[in-house]
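Below is one structure, written out as structure tokens; the observations come after it.
Each chain gets a letter, A, B and so on, in the order the sequences are listed, and its residues count up from 1. All of these numbers come straight from a predicted model, not from anything done at the bench.
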Protein chains: 2
Amino acid sequence: MSARDIAALLPDLHMLTVIAETRSLTQTARRLGIAKSSVSMRLKDLEQALDVPLVRRTTRSITLTPAGAQLVEQTRGSFAHIEQGVVGAKDLAGAPRGLVRVSAPVALGRQHIAPTIPALLSRYPDIRLELDLSDRFVNLVQEGFDLAIRHASRVPESHIAVALCASASVLLASPQYLARNGTPQHPAELARHACLLYLRDGSTASWSFERTTGRKATQRVSVPVSGPLRANNSEVLREAVAGGLGIALLPDFTAWSGPSAHQLRPVLPEWKPVGFFGERLQAIRPWSPRTPRAVQCVIDHLRKSLAEGFGDPQRLRSSV
Amino acid sequence: MSARDIAALLPDLHMLTVIAETRSLTQTARRLGIAKSSVSMRLKDLEQALDVPLVRRTTRSITLTPAGAQLVEQTRGSFAHIEQGVVGAKDLAGAPRGLVRVSAPVALGRQHIAPTIPALLSRYPDIRLELDLSDRFVNLVQEGFDLAIRHASRVPESHIAVALCASASVLLASPQYLARNGTPQHPAELARHACLLYLRDGSTASWSFERTTGRKATQRVSVPVSGPLRANNSEVLREAVAGGLGIALLPDFTAWSGPSAHQLRPVLPEWKPVGFFGERLQAIRPWSPRTPRAVQCVIDHLRKSLAEGFGDPQRLRSSV
DNA sequence: CTAGACTGTTCATAATTTTGAACAATCGAG
DNA sequence: CTCGATTGTTCAAAATTATGAACAGTCTAG
């Protein structure tokens with residue numbers, strides 16, 4: 001079995017895998033975009049070359065012989081692998097190109113990602129972007145996303161996460177609300193305050209906080225909360241806070257952007273919220289042997305754009 | 001990237017792996033048995049189809065671009081795998097066929113394998129056999145053997161062993177020798193007997209024996225031995241024993257065959273030799289994803305032929 | 001039981017690919 | 001520096017392969 005022999009058989013072997021899938025020469029011809037007479041002829045040639053019957057034919061249907069099934073079993077994966085390689089090589093052509101579907105939190109997308117998109121697209125003219133803003137946890141593979149920007153504490157299996165920037169949650173209220181209802185001095189007091197809750201699948205109606213007391217000692221408190229408003233959009237909650245409706249736990253990128261930012265005051269600043277929004281923003285993507293260049297460009301762009309984080313209210317407040 | 005696209009590229013991708021190996025379009029053409037103009041043209045077509053330069057050409061030599069190298073790296077293994085599959089499928093055609101190279105111990109080969117070969121070859125007319133008789137441990141892969149018949153206690157890595165039949169070692173002497181020098185009653189006495197040694201790489205000049213004393217208790221003795229003759233051929237040793245030269249430790253298939261078998265007497269029959277020749281005869285072959293049918297036929301044939309083993313001196317003695 | 005749709009196969013024709021000689025560019029030995 | 005050998009490329013002719021309409025066998029809906 002020399003190299004010249006195998007080379008001639010390759011397209012026919014590949015065709016055989018399609019035949020095995022479709023179990024029909026006609027369908028195979030349609031899928032490969034060739035004449036069905038070619039399928040018939042090439043299959044015959046292949047069987048002749050290997051000197052083994054591969055397909056048992058009735059006039060109306062076909063079945064693989066054991067030899068044919070074995071052959072398909074061994075080669076199918078290889079053809080898929082080769083196809084991967086070709087896709088990877090194509091991606092290296094010229095400038096990064098292709099469609100990148102990104103899922104991102106609503107507030108982050110509107111306030112911080114959208115403004116940086118023109119710079120990205122003008123730098124890479126062949127990249128097309130599809131931005132899906134949603135605060136739910138999407139299934140990347142199932143819904144066909146290349147990238148999700150999330151506050152994720154844990155990364156789903158067979159996915160890869162890249163840290164973009166630090167991003168914490170902050171507890172907020174308006175000066176008016178605090179004047180009217182008093183300023184909480186301990187998380188436990190939140191139980192009798194009006195708390196505006198972010199709705200998320202599986203999120204409980206309680207907030208947890210942490211405070212470092214000694215060198216390494218930490219204090220942890222969990223408090224049940226309730227209030228007059230729940231919403232799954234952090235900007236809605238922020239405006240409600242600004243309007244004096246109550247206290248909310250919001251991601252910093254929502255808190256310090258928008259026109260109402262100056263109406264917000266941090267509450268219990270020495271207590272760090274735990275386990276609600278994570279401590280950093282991550283770009284999450286389904287694992288693949290090689291990252292498409294376009295996707296990598298988007299990730300890099302976001303990392304640069306968001307590098308400074310959202311931690312400094314002064315800066316953001318003055319810039320809005 | 002649809003199925004039809006990949007199918008058309010397959011021969012060209014395979015050609016690219018050959019180009020990567022030879023680093024020459026001319027050599028590639030020669031190895032694939034096609035015109036070098038075809039190589040040049042198809043390479044150009046492939047680059048056009050992928051829209052990536054794959055090979056950097058000087059008028060006199062070529063180098064792969066990073067994209068080309070990456071593509072080859074990803075696809076080469078797949079093509080090799082496909083080739084394996086084709087070889088496997090071809091093997092399923094018609095009757096088992098092909099050359100089987102077998103290495104076997106000299107005595108076993110002459111006395112027990114050779115007589116059964118005609119039956120094998122007449123049953124499978126398309127199988128060709130090459131029998132290499134040698135008592136050394138051959139390197140199967142390096143020397144191109146498909147099969148080795150050995151007393152092996154341990155099987156080399158990435159090899160597979162199939163047990164053929166039981167086969168032990170026996171300690172032998174002639175009646176004359178025993179009459180002249182006395183019959184040993186304990187292995188320790190062997191140290192002052194004339195012991196005929198089998199020469200093998202790394203074999204020490206000592207014999208070990210084991211005896212079951214109680215229910216589960218075993219006694220073990222190792223004794224240094226020496227004598228007037230060493231040889232790496234067990235039949236030579238057997239004849240020497242028959243001639244009264246001394247005591248030898250021989251595999252049973254050597255002991256109980258040949259015209260001199262009736263001149264031999266077991267010595268210390270209640271002591272079992274340990275770690276010299278193993279307890280069973282094995283067929284050892286290099287691992288491969290699928291056993292060629294011809295090789296499997298030879299193994300099965302040997303197992304049937306040798307099934308009865310060599311343990312019964314009476315039977316063999318009378319048949320020779 | 002029958003008509004129609006669909007199966008895989010055949011074969012002359014059309015399209016494509018392969019071929020080999022001619023060619024310019026390059027390397028290496030003397 | 002020069003000559004001969006060898007590299008990869010080009011292009012019209014030749015060989016190979018694909019095509020699609022016609023065909024016979026088979027299944028299914030009514």
Side-chain angles (χ1 to χ4, degrees), chain A residues 2-65 67-69 71-72 86, chain B residues 2-65 67-69 71-72 86:
Chain A
S2 73
R4 84 169 70 187
D5 300 321
I6 191 82
L9 299 177
L10 284 170
D12 297 349
L13 288 167
H14 176 257
M15 189 187 72
L16 186 69
T17 65
V18 179
I19 291 175
E21 272 184 43
T22 62
R23 278 197 283 283
S24 153
L25 302 197
T26 306
Q27 289 302 318
T28 300
R30 197 183 321 257
R31 188 185 299 190
L32 294 179
I34 59 179
K36 63 178 179 176
S37 55
S38 299
V39 176
S40 176
M41 221 175 62
R42 283 168 50 182
L43 177 57
K44 192 161 59 178
D45 289 353
L46 182 63
E47 290 180 310
Q48 210 154 39
L50 299 188
D51 199 23
V52 196
L54 300 171
V55 170
R56 199 163 284 130
R57 302 116 134 115
T58 329
T59 342
R60 192 153 174 80
S61 73
I62 56 176
T63 325
L64 277 90
T65 64
L71 186 54
V72 167
V86 171
Chain B
S2 72
R4 86 208 295 159
D5 300 321
I6 194 80
L9 299 178
L10 284 169
D12 297 350
L13 288 168
H14 176 257
M15 188 187 73
L16 186 68
T17 66
V18 179
I19 291 175
E21 271 184 42
T22 62
R23 278 196 286 282
S24 151
L25 302 197
T26 305
Q27 289 304 318
T28 300
R30 197 184 320 258
R31 187 186 299 188
L32 293 179
I34 59 180
K36 62 179 180 174
S37 54
S38 299
V39 176
S40 175
M41 223 175 60
R42 284 168 51 182
L43 177 57
K44 192 160 59 178
D45 290 351
L46 182 63
E47 291 181 308
Q48 210 154 39
L50 299 188
D51 198 23
V52 197
L54 299 171
V55 170
R56 199 163 285 130
R57 301 117 133 117
T58 329
T59 344
R60 193 154 176 79
S61 75
I62 56 176
T63 326
L64 278 94
T65 64
L71 186 55
V72 168
V86 171

Review point. In B/S/- notation, 5' to 3', how is nucleotides 24-30 of chain C contacted by protein heavy atoms closer than 4.0 Å?
Key: -SBS---
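- Smallest separation of non-hydrogen atoms from A:Val55 and A:Thr65: N-CG2, 3.9 Å.
- Counting only distance, with no hydrogens or angles, the side chain of A:Asp5 and the backbone of A:Ser2 share a donor-acceptor pair below 3.5 Å.
- Remark: B:Ser37, B:Ser38, B:Met41, B:Arg42 in residues 36-53 of chain B come within less than 4.0 Å of DNA chain C through at least one heavy atom.
- Across the protein-nucleic acid pair, B:Ile62 atom CD1 and D:dT6 atom C1' stand 14 Å apart, rounded to whole Å.
- A donor-acceptor distance shorter than 3.5 angstrom exists from the side chain of B:Ser24 to the backbone of B:Thr26, with no hydrogens or angles considered.
- Residues B:Ala7 and A:His14 share a closest heavy-atom pair of CB-ND1, 3.4 Å.
- Under 4.0 angstrom from either OP1 or OP2 of D:dT7 there lies no side-chain N or O belonging to B:Arg57.
- For A:Leu64 against A:Ala69, the heavy-atom pair with the smallest separation is CD2-N, 3.6 Å.
- Of all the heavy atoms in A:Met15 and A:Leu43, the pair that sits closest is CE-N, 3.7 Å.
- The closest donor-acceptor contact from the side chain of A:Thr22 to the backbone of A:Gln27 lies at 3.5 Å or more, if one exists at all.
- Across A:Leu16 and A:Gly68, no two heavy atoms sit closer than the pair CD2-O, 4.4 Å.
- We find that CD1 of A:Ile34 is positioned 13 Å from P of C:dT17, with the value rounded to whole Å.
- Put simply, CD1 on A:Ile19 is 14 Å from P on C:dT7, counting in whole angstrom units.
- What separates CE of A:Met15 from C1' of C:dG8 is a distance of 13 Å, to the nearest Å.
- Rounded to whole angstrom, the span from the CZ atom of B:Arg23 across to the P atom of D:dT7 amounts to 14 Å.
- Nearest heavy-atom pair, B:Val86 versus A:Leu13, reported as atom, atom and distance to 0.1 Å: CG2-CD1, 3.5 Å.
- Between the C1' atom of C:dG8 and the CG atom of A:Leu64 lies a distance of 15 Å, rounded to the nearest Å.
- For the pair B:Arg30 CZ and D:dG8 C1', the computed distance is 14 Å after rounding to whole Å.
- The separation between B:Leu16 atom CG and D:dG8 atom P is 14 Å, rounded to whole Å.
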